[in-house]
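Notes follow once the structure below has been shown.
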Amino acid sequence: MSLEQNQDKVETSQRSGNLFVVSAPSGAGKSSLIKALLAEHSSAEAPLQVAVSHTTRNPRPGEENGQHYHFVSHETFVDMIAANGFYEHAKVFDNYYGTSRQAIENTLEQGIDVFLDIDWQGARQVKEQYPAAHTVFILPPSIAELERRLQGRGQDSAEVIAKRMSEAKSEMSHVHEFDYVLINDDFSRTLTDFYSIVLDKRLTQTAQSTTYANLIAELLV
Ligand SMILES: Nc1nc2c(ncn2[C@@H]2O[C@H](COP(=O)(O)OP(=O)(O)O)[C@@H](O)[C@H]2O)c(=O)[nH]1
Ligand SMILES: Nc1ncnc2c1ncn2[C@@H]1O[C@H](COP(=O)(O)OP(=O)(O)O)[C@@H](O)[C@H]1O
């Protein structure tokens with residue numbers, strides 16, 4: 001195993017994972033960026049995972065229960081709220097969405113970096129409970145491009161697109177509450193910038209870990 005792989009292995013086993021919260025107006029590209037980041041940069045030595053949310057929204061064509069979302073009834077969602085089952089939850093575009101406690105707590109303890117694709121209300125709730133969370137807001141290059149992407153995605157009706165566009169500016173008005181802002185114009189460049197944030201947090205935490213200090217002490221004997 002190379003030193004780098006060994007370092008990654010040591011890092012993951014010795015550190016709590018980082019929690020990344022990613023928000024954006026619908027259509028800005030947050031799901032695509034998280035999907036591409038995990039596809040290109042998650043490894044056994046340094047795993048990245050997205051937390052699967054619960055929602056009362058109906059599945060879109062191609063969405064699998066348990067993979068894209070846990071699709072539940074309104075009654076089930078309300079029961080989960082009553083049982084304190086959510087780390088955060090919010091009503092977004094007339095549906096309920098939430099991140100279950102189970103979806104993140106065990107994973108972070110295993111040293112896995114976890115990504116939440118949630119709205120600004122959820123980001124605020126996470127930051128209040130877990131100030132160490134790193135929050136990232138994705139902006140579209142323009143309102144016109146945002147609408148083009150929603151239409152191009154072909155997953156929502158004209159009525160749903162109109163509703164999401166009407167709320168886009170309200171969502172974006174919370175951009176200053178976030179630690180990082182990325183303008184998702186060129187996808188590959190945005191993905192590189194996104195990954196540099198992830199790497200910076202991983203290396204910062206590693207440099208502060210006792211294990212890393214032990215490694216350095218061994219080298220300097
Ligand atoms: N607070 C919160 N928001 C969520 C959660 N899951 C998704 N959302 C947000 O709900 C909004 C609608 O998500 P979705 O229906 O998948 O539409 P999309 O953003 O166009 O892909 C988006 O802003 C998501 O970030 C969650 O678990 N908690
Ligand atoms: N930088 C980009 N340039 C052009 N199209 C993009 C870019 N990023 C995402 N898209 C496309 O825009 C649409 C919305 O992206 P998506 O990830 O579903 O957004 P969100 O999850 O924020 O709602 C998708 O069809 C996606 O392929």
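In each ligand, atom 1 is the first atom listed, and ligand 1 is the first ligand listed.
Under 4.0 Å is where a charged nitrogen must lie from a carboxylate oxygen, and between D113 and K201 no such pair does. In summary, K163 and D94 engage in a salt bridge, as defined by a charged side-chain N under 4.0 Å from a carboxylate O. Ion pairing between a basic and an acidic side chain is recognised when a charged N comes within 4.0 Å of a carboxylate O; R149 and E145 show such pairing. By the 4.0 Å N-to-carboxylate-O rule, D185 lies too far from R189 to be salt-bridged with it.
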Do any side-chain atoms of residues 19-38 form donor-acceptor pairs under 3.5 angstrom with protein atoms, and if so which ones, sequence neighbours left out?
from: S23; atom 1: OG; to: I118; atom 2: O; distance (Å): 2.7
from: S26; atom 1: OG; to: R164; atom 2: NH1; distance (Å): 3.0
from: S31; atom 1: OG; to: D117; atom 2: OD2; distance (Å): 2.9

Could you give the side-chain donor-acceptor pairs of residues 76-86 under 3.5 Å, partners two or more places apart or in another chain?
from: T76; atom 1: OG1; to: S73; atom 2: OG; distance (Å): 2.9
from: N84; atom 1: OD1; to: R101; atom 2: NH2; distance (Å): 3.1

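Near T99, with a cut-off below 4.0 Å to any heavy atom, the atoms of ligand 1 are 27 (O). Distances below 4.0 Å separate heavy atoms of A90 from the following atoms of ligand 1: 1 (N). Taking every heavy atom of S26 and a limit of under 4.0 angstrom, the matching atoms of ligand 2 come to 23 (O). The atoms of ligand 1 that sit less than 4.0 Å from any heavy atom of G122 are 1 (N).
Contact analysis leaves S23 out of contact with ligand 1, as no non-hydrogen atom separation drops below 4.0 angstrom. Within the 4.0 Å heavy-atom cutoff, H54 does not count among the residues contacting ligand 1. Heavy atoms of D185 come nearer than 4.0 angstrom to ligand 2 in at least one pair. Under a 4.0 angstrom heavy-atom cut-off, H68 registers as lying outside contact with ligand 1. Distances shorter than 4.0 angstrom occur between a heavy atom of K30 and an atom of ligand 1.
In terms of polar-atom proximity, defined here as any N/O pair under 3.5 Å, L150 makes no such contact with ligand 1. Of the polar atoms of D186, none of the N or O atoms is found under 3.5 Å from an N or O of ligand 2, judged by distance alone. Here's the thing with D156: none of its N/O atoms is less than 3.5 angstrom from an N/O atom of ligand 1.
Of all protein heavy atoms, the one lying nearest to atom 27 (O) of ligand 1 is S53 OG, 2.7 Å. When hydrogens are left out, the protein atom nearest atom 21 (O) of ligand 2 is S31 OG, 2.5 Å; that is the closest non-hydrogen contact. Shortest contact from atom 3 (N) of ligand 1 to any protein heavy atom: D119 N, 3.1 Å. The nearest heavy-atom contact from the protein to atom 16 (O) of ligand 1 is Y69 OH, 2.5 Å. Protein heavy atom in closest approach to atom 14 (C) of ligand 2: G27 O, 3.5 Å. Remark: minimum distance from atom 18 (O) of ligand 2 to any protein heavy atom is reached at R153 NH1, 2.8 Å. From the protein, the heavy atom lying nearest to atom 8 (N) of ligand 2 is N184 ND2, 3.0 Å. Looking only at protein heavy atoms, the nearest one to atom 18 (P) of ligand 1 is R164 NH1, 3.3 Å. Nearest non-hydrogen protein atom to atom 20 (O) of ligand 1 is S26 OG, 2.4 Å. When only non-hydrogen protein atoms are considered, atom 12 (C) of ligand 1 lies nearest to Y97 OH, 3.6 Å.
Looking at V92 against ligand 1, only its side chain comes within 4.0 Å, counting heavy atoms. Contact annotation: for D117 versus ligand 1, heavy atoms closer than 4.0 Å belong to both the backbone and the side chain. For E88, every heavy-atom contact with ligand 1 shorter than 4.0 Å involves the side chain, none the backbone. Contacts with ligand 1 closer than 4.0 Å are made by side-chain heavy atoms of R60 only, the backbone lying farther away. Only the side chain of R57 comes within 4.0 Å of ligand 1, judged by heavy-atom distances.
The closest donor-acceptor contact from the side chain of T135 to the backbone of F178 lies at 3.5 Å or more, if one exists at all. Looking at Q125, its side chain does come within 3.5 Å of a backbone N or O of H89 through a donor-acceptor pair. For the pair Q121 (side chain) and A90 (backbone), a donor-acceptor distance under 3.5 Å is absent. Remark: side-chain polar atoms of E171 are paired, donor with acceptor, to backbone N or O of W120 under 3.5 angstrom.
For an aromatic pair to be called close, the ring centres must be under 6.0 Å apart, and Y96 with H74 satisfies this.
Within a 6.0 Å radius of CD1 in I197, other residues, nucleotides and ligands contribute more than 12 heavy atoms. Within 6.0 Å of the CD atom in E159, the count of heavy atoms belonging to other residues, nucleotides or ligands does not exceed 12.
Within the set A28, S32, G29, the minimum heavy-atom distance to atom 26 (C) of ligand 2 is found for S32. With distances taken over non-hydrogen atoms, the option nearest atom 2 (C) of ligand 2 out of R149, R60, R148, K35 is R149. Nearest-heavy-atom check against atom 21 (O) of ligand 1 across Q155, R153, E171 picks out R153.
When the side chains of ILVMFWY residues are joined at heavy-atom separations under 4.5 Å, either directly or via intervening members, V175 and I138 end up in two distinct hydrophobic clusters. Cluster annotation: Y87 and V50 are assigned to distinct hydrophobic clusters (Ile/Leu/Val/Met/Phe/Trp/Tyr, side-chain heavy-atom contacts under 4.5 Å, transitive). Cluster annotation: V52 is not connected to F71 through the hydrophobic network of ILVMFWY side chains, with a link wherever side-chain heavy atoms come within less than 4.5 Å.
For K127 against D179, the heavy-atom pair with the smallest separation is NZ-OD2, 2.8 Å.
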